[in-house]
Protein chains: 2
Amino acid sequence: MLIGELAEVTGVSARALRHYEDQELLVPERDTNGYRNYAEADVIRVAQIKAMIAAGLGTATIRQYLECARTGEHGTTLELCPRLTAELESLAGRLDARQAELRDTRRRLSGLASRSSELSASA
Amino acid sequence: MLIGELAEVTGVSARALRHYEDQELLVPERDTNGYRNYAEADVIRVAQIKAMIAAGLGTATIRQYLECARTGEHGTTLELCPRLTAELESLAGRLDARQAELRDTRRRLSGLASRSSELSASA
DNA sequence: GTATGGCTTCACGTCAGCGTGAAGGTCAAG
DNA sequence: CTTGACCTTCACGCTGACGTGAAGCCATAC
């Protein structure tokens, strides 16, 4: 599977796929002419990577996840995953915090719009 | 109040405060020697800016918010605010979406850890 | 006077995830 | 043999919120 093909199937740009290779997230085989030759299973991997990037994870974290997932396929109990779970928990927490702050901000704004009162903020 | 003082009080770096000035978020008076002279009320404004940046708002949006808030102190009904409310709504929506995706990602990871089964993802 | 420390203005560096040419090799078709 | 669509590797550009010197002025202490 050539890069353009995978790009079209997954909806990810060819440039992004090369970027994933630079980041060692998805390193395909090479044909004799130097062209990247992706496996069918890589469609799934790209979807995973897409989802994790959209979730706000950095490539370094995603790389760890993929390594951990590969280890898991051997049947062992995924030693690295607890750290990743912690990472995901902390990211979820940060998102929660951001959302809470956003709600406060929005509340203050609404308050201003209706009352036109004094400005106030929590530290 | 000098920049270093405000920096220490608010926990925001002096560099960041100068950046806020470049972005026209907080433009202090100047002493005869050219030093920035912040008002006491700016402590609150910095806290607001901090909160909004942490909430994921860009400086351009924050500037609009601050202008709108200033207008509000005159007693008028804040014409610009509806646009900002929409902006905040959309940001809240994006955060919700990210959180949902993150939860899915985390679920998939948990699934892998317990089952060590086949990789799967939703497009 | 001078040592210190805070202040000033440039202005390039950083991180992340790509976008966007540039310059050129590969391959099937006409 | 040439066109044209695909591929390759650089390598700079972009957005955002600053970090980090560099070079120099200001103010207080000794």
Side-chain angles (χ1 to χ4, degrees), chain A residues 1-39 42 45-66 87 91 94-95 98 101-102 105, chain B residues 1-38 42 45-66 87 90-91 94-95 98 101-102 105:
Chain A
M1 202 182 202
L2 293 181
I3 193 170
E5 216 175 329
L6 182 59
E8 194 173 5
V9 170
T10 59
V12 172
S13 71
R15 176 66 180 89
L17 292 175
R18 293 192 188 98
H19 179 60
Y20 294 165
E21 182 173 359
D22 290 342
Q23 302 305 311
E24 298 176 35
L25 298 183
L26 181 58
V27 182
E29 306 273 290
R30 295 288 186 142
D31 287 340
T32 50
N33 54 16
Y35 287 16
R36 272 162 258 252
N37 189 352
Y38 290 92
D42 290 336
R45 295 184 73 82
V46 170
Q48 291 183 314
I49 294 170
K50 261 179 71 177
M52 300 184 79
I53 285 181
L57 296 177
T59 52
T61 304
I62 297 176
R63 182 166 46 249
Q64 289 179 23
Y65 164 76
L66 293 173
E87 187 99 32
L91 179 56
R94 274 174 291 174
L95 285 178
R98 282 181 57 160
E101 287 171 21
L102 180 63
T105 300
Chain B
M1 202 180 200
L2 294 181
I3 194 171
E5 217 176 330
L6 183 60
E8 194 172 6
V9 170
T10 59
V12 172
S13 72
R15 176 66 180 90
L17 292 175
R18 293 193 189 97
H19 179 60
Y20 294 164
E21 184 172 357
D22 290 342
Q23 303 305 310
E24 299 175 34
L25 298 183
L26 180 57
V27 182
E29 306 274 290
R30 295 290 185 142
D31 287 339
T32 50
N33 54 16
Y35 287 14
R36 272 162 258 252
N37 189 352
Y38 290 93
D42 289 338
R45 293 184 74 82
V46 170
Q48 290 182 317
I49 294 170
K50 262 179 70 176
M52 300 184 77
I53 285 181
L57 296 176
T59 53
T61 304
I62 296 175
R63 182 167 46 250
Q64 288 180 23
Y65 164 77
L66 293 173
E87 187 100 32
S90 102
L91 180 55
R94 275 175 289 175
L95 285 178
R98 281 184 57 161
E101 287 171 21
L102 180 63
T105 301

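Everything numeric in this text was worked out from a predicted model, so none of it was measured. So you know, we letter chains A, B, ... as the sequences are listed, proteins then strands, and number each from 1.
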**Q** Just wondering, do A/Tyr38 and A/Val46 contact through their side chains at under 4.5 Å, heavy atoms?
**A**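 No, every pair of side-chain atoms sits at 4.5 Å or beyond.
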**Q** Let me know the distance between CD of B/Glu8 and C1' of C/dC7, rounded to the nearest Å.
**A**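 Answer to the nearest Å: 16 Å.
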**Q** Tell me if a side-chain donor or acceptor on B/Lys50 pairs with a main-chain N or O of B/Gly11 at a distance below 3.5 Å.
**A**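 Not a single qualifying donor-acceptor pair exists.
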**Q** Expressed in angstrom and rounded to an integer, what is the separation of A/Glu24 atom CD from C/dG17 atom P?
**A**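 The answer, rounded to whole Å, is 14 Å.
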**Q** Could you write out each protein N or O paired with an N or O of nucleotides 23-29 of chain C at a distance under 3.5 Å?
**A**
{"unit_1": "C/dG25", "atom_1": "N2", "unit_2": "A/Tyr35", "atom_2": "OH", "d": "2.7"}
{"unit_1": "C/dT26", "atom_1": "O4'", "unit_2": "A/Tyr35", "atom_2": "OH", "d": "3.3"}
{"unit_1": "C/dC27", "atom_1": "OP1", "unit_2": "A/Asn33", "atom_2": "ND2", "d": "3.1"}

**Q** Please list all pairs passing the salt bridge (Lys or Arg N to Asp or Glu O under 4.0 Å) test where one or both residues lie in residues 2-18 of chain A, with sequence neighbours left out.
**A**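 Every pair satisfying salt bridge (Lys or Arg N to Asp or Glu O under 4.0 Å) with a residue in residues 2-18 of chain A: there are none.
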**Q** Nearest-Å distance, CG (B/Asp22) to P (C/dC12)?
**A**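 My rounded result for the distance is 15 Å.
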**Q** Give the B/S/- string for nucleotides 9-23 of chain D, one per nucleotide from 5' to 3', where a protein heavy atom under 4.0 Å of the base yields B, of only the sugar-phosphate yields S, and otherwise -.
**A** B-B-----BBBB---
**Q** Quickly, which of A/Leu26, A/Val27, A/Ile3 forms a side chain to side chain contact (heavy atoms under 4.5 Å, CB included) with A/Glu21? Name it, please.
**A**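 With A/Glu21 as partner, side chain to side chain contact (heavy atoms under 4.5 Å, CB included) holds for just one option, A/Val27.
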**Q** Are A/Tyr20 and A/Val12 side-chain neighbours, meaning at least one heavy-atom pair lies under 4.5 Å?
**A**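 Contact flag for A/Tyr20/A/Val12 side chains = yes.
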**Q** Mind checking the CG-CG spacing from B/Asn37 to B/Asp31? Nearest 0.5 Å is all I need.
**A**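 B/Asn37 atom CG to B/Asp31 atom CG measures 4.5 Å (nearest 0.5 Å).
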**Q** For A/Glu24, is there any backbone N or O sitting under 3.5 Å from a side-chain donor or acceptor partner on A/Arg63?
**A**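 Checked: no pair found.
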**Q** To the nearest 0.5 Å, what is the distance between NE2 (B/His19) and CG (B/Leu25)?
**A**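 Going from the NE2 atom of B/His19 to the CG atom of B/Leu25 covers 7.5 Å.
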**Q** Measure from CG on B/Asp31 to P on C/dT8 and round the result to the nearest Å.
**A**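 So the two atoms are 9 Å apart, to the nearest Å.
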**Q** Using atom CG of B/Asn37 as one end and atom P of C/dG6 as the other, report the distance to the nearest whole Å.
**A**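 The distance from CG of B/Asn37 to P of C/dG6 comes to 18 Å, rounded to the nearest Å.
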